[in-house]
Amino acid sequence: MFNLFKKSEFEIISQKIKNKNHKIIEALNKNEFKNFFKLKEKEQKEKLRKIIEELSGLDFVQVFGYSFHFKDIPMFTYNLHIKENDYLLVVWGKDDFLGFQCDYFLSENVFRLTLKNSEEVKEDEEDFKNLIGEETFNITRKIAKTSFEVTKKAKELHKEMIGTMYLNEFSYNERKKNPLKVI
């Protein structure tokens, strides 16, 4: 029998992303982050590694920021970019969710959901072509049907997340806990 109350794939994924985002942000709230930034670089990395691993994060590495993913949502990559007294948490989709992105800005204390526009898709395509060469790009495109277009699933997930009060509710509740000071 068909269950009318069964959650859609997008509701489930949306909830998982929200849950991971909240746990990371709770662990790196403004007060904790001030203390975190006082640590030496090696201590910072270990503290972050511990936070991510406690959340079941996998493949924690540092390149331009810290990158990791989660076993229960492997189609998304997380990046944590840290600079003095601030950070940016980025969740971006890959494969079936290509083009989806969710950012959290500590300094602004807000989330931003975006889908790539056609100009960004074209730019990604050109960057990839320049990286591997035009001939290899054309062969790859024919064989693997490589696409940089925003996927239908990315659009559906974006619609699911933006269609809720998630962004406004979270930002409002966080502002009550950690009010932003306007200078």
Side-chain angles (χ1 to χ4, degrees), residues 3 5-30 32-33 35-37 39 41-83 86-106 109-116 120-121 124 128 140 144-167 169-171 173-174 177:
N3 183 355
F5 300 106
K6 186 176 179 183
K7 289 185 176 185
S8 75
E9 171 188 22
F10 304 106
E11 288 174 298
I12 293 167
I13 293 170
S14 172
Q15 189 57 48
K16 287 180 180 180
I17 290 172
K18 292 172 192 176
N19 187 337
K20 299 294 185 192
N21 287 352
H22 287 292
K23 288 183 178 179
I24 291 169
I25 291 162
E26 284 173 13
L28 290 175
N29 66 49
K30 285 193 177 212
E32 285 294 317
F33 194 69
N35 294 332
F36 168 83
F37 211 77
L39 300 173
E41 188 175 342
K42 187 175 180 179
E43 293 168 323
Q44 287 179 353
K45 186 174 182 178
E46 284 308 309
K47 183 168 177 82
L48 284 177
R49 178 184 302 281
K50 184 178 178 192
I51 289 169
I52 300 308
E53 287 176 352
E54 285 175 357
L55 296 173
S56 304
L58 306 171
D59 299 331
F60 179 84
V61 295
Q62 180 183 8
V63 183
F64 298 110
Y66 297 94
S67 180
F68 50 94
H69 68 275
F70 296 98
K71 192 176 196 176
D72 55 338
I73 46 175
M75 62 292 254
F76 297 92
T77 297
Y78 279 72
N79 286 302
L80 183 60
H81 304 275
I82 296 174
K83 63 180 186 175
D86 200 8
Y87 71 83
L88 166 65
L89 178 65
V90 180
V91 182
W92 52 272
K94 54 188 181 181
D95 304 326
D96 288 347
F97 293 90
L98 191 64
F100 172 86
Q101 186 169 324
C102 178
D103 305 318
Y104 173 76
F105 300 88
L106 176 67
N109 198 25
V110 294
F111 279 97
R112 176 181 70 184
L113 284 175
T114 56
L115 288 171
K116 284 188 178 182
E120 292 170 315
V121 168
D124 287 349
F128 187 62
T140 302
K145 297 189 186 335
T146 304
S147 175
F148 293 90
E149 295 293 323
V150 176
T151 65
K152 183 177 179 181
K153 284 188 172 187
K155 291 174 185 175
E156 288 293 322
L157 179 60
H158 183 268
K159 182 178 169 185
E160 170 63 32
M161 288 184 77
I162 213 159
T164 65
M165 292 301 296
Y166 166 63
L167 301 174
E169 281 177 18
F170 179 81
S171 296
N173 290 332
E174 282 300 301
K177 284 190 245 175

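- Considering only heavy atoms from C-beta on, Tyr66 comes within 4.5 Å of Lys45 through its side chain.
- Between Lys20 and the options Ile25, Ile73, Ile52, a side chain to side chain contact (heavy atoms under 4.5 Å, CB included) holds for only Ile73.
- The shortest non-hydrogen separation linking Ala154 to Leu98 is CB-O, 3.4 Å.
- Scanning all heavy atoms of the two residues, the minimum distance from Phe10 to Leu157 falls at O-CD1, 3.6 Å.
- Between Phe70 and Phe68, the ring planes are perpendicular. Angles over 60° get that label, and only those under 30° would be called parallel.
- Between Leu39 and Gln44 the shortest heavy-atom distance is O-NE2, 3.3 Å.
- Contact of the Asp96 side chain with the Met75 side chain is not registered, since no non-hydrogen atoms from C-beta on lie closer than 4.5 Å.
- Using cut-offs of 30° and 60° for the angle between ring planes, the His158 and Phe100 rings count as perpendicular.
- Legend: residues meeting side-chain contact (heavy atoms from CB on, under 4.5 Å) with Glu32, ordered by chain and number and at least two apart, are Asn29, Lys47.
- Lys153 places a side-chain heavy atom less than 4.5 Å from the side chain of Glu9.
- Between atom NZ of residue Lys16 and atom CG of residue Asp72 there is a gap of 4.5 Å, rounded to the nearest 0.5 Å.
- With rounding to the nearest 0.5 Å, the separation of CG in Asn19 from CD1 in Ile24 is 10.0 Å.
- Put simply, the side chain of Ile13 reaches to within 4.5 Å of the side chain of Phe76, judged on heavy atoms.
- Expressed to the nearest 0.5 Å, how far OH of Tyr104 lies from NE2 of His22 amounts to 10.0 Å.
- Every residue meeting the side chain to side chain donor-acceptor pair (under 3.5 Å) condition with Gln101, not counting sequence neighbours, appears here in chain and number order: Asp103.
- Separation of atoms CD (Glu160) and OG (Ser8) is listed at 5.5 Å; rounding is to 0.5 Å.
- Rounding to the nearest 0.5 angstrom, the gap separating the CG atom in Asn21 from the SG atom in Cys102 is 5.0 Å.
- For the pair Leu106 and Leu28, the tightest heavy-atom approach, listed with the atom from each and the gap, is CD1-O, 4.3 Å.
- For Asp86, there are no salt bridge (Lys or Arg N to Asp or Glu O under 4.0 Å) partners, not counting sequence neighbours.
- In this structure, CH2 in Trp92 is found 13.0 Å from OH in Tyr78, a value given to the nearest 0.5 Å.
- In terms of heavy atoms, Lys94 sits closest to Pro74 at CE-O, 3.0 Å.
- Asp95 and Thr151 get closest at one heavy-atom pair: O-CG2, 3.6 Å.
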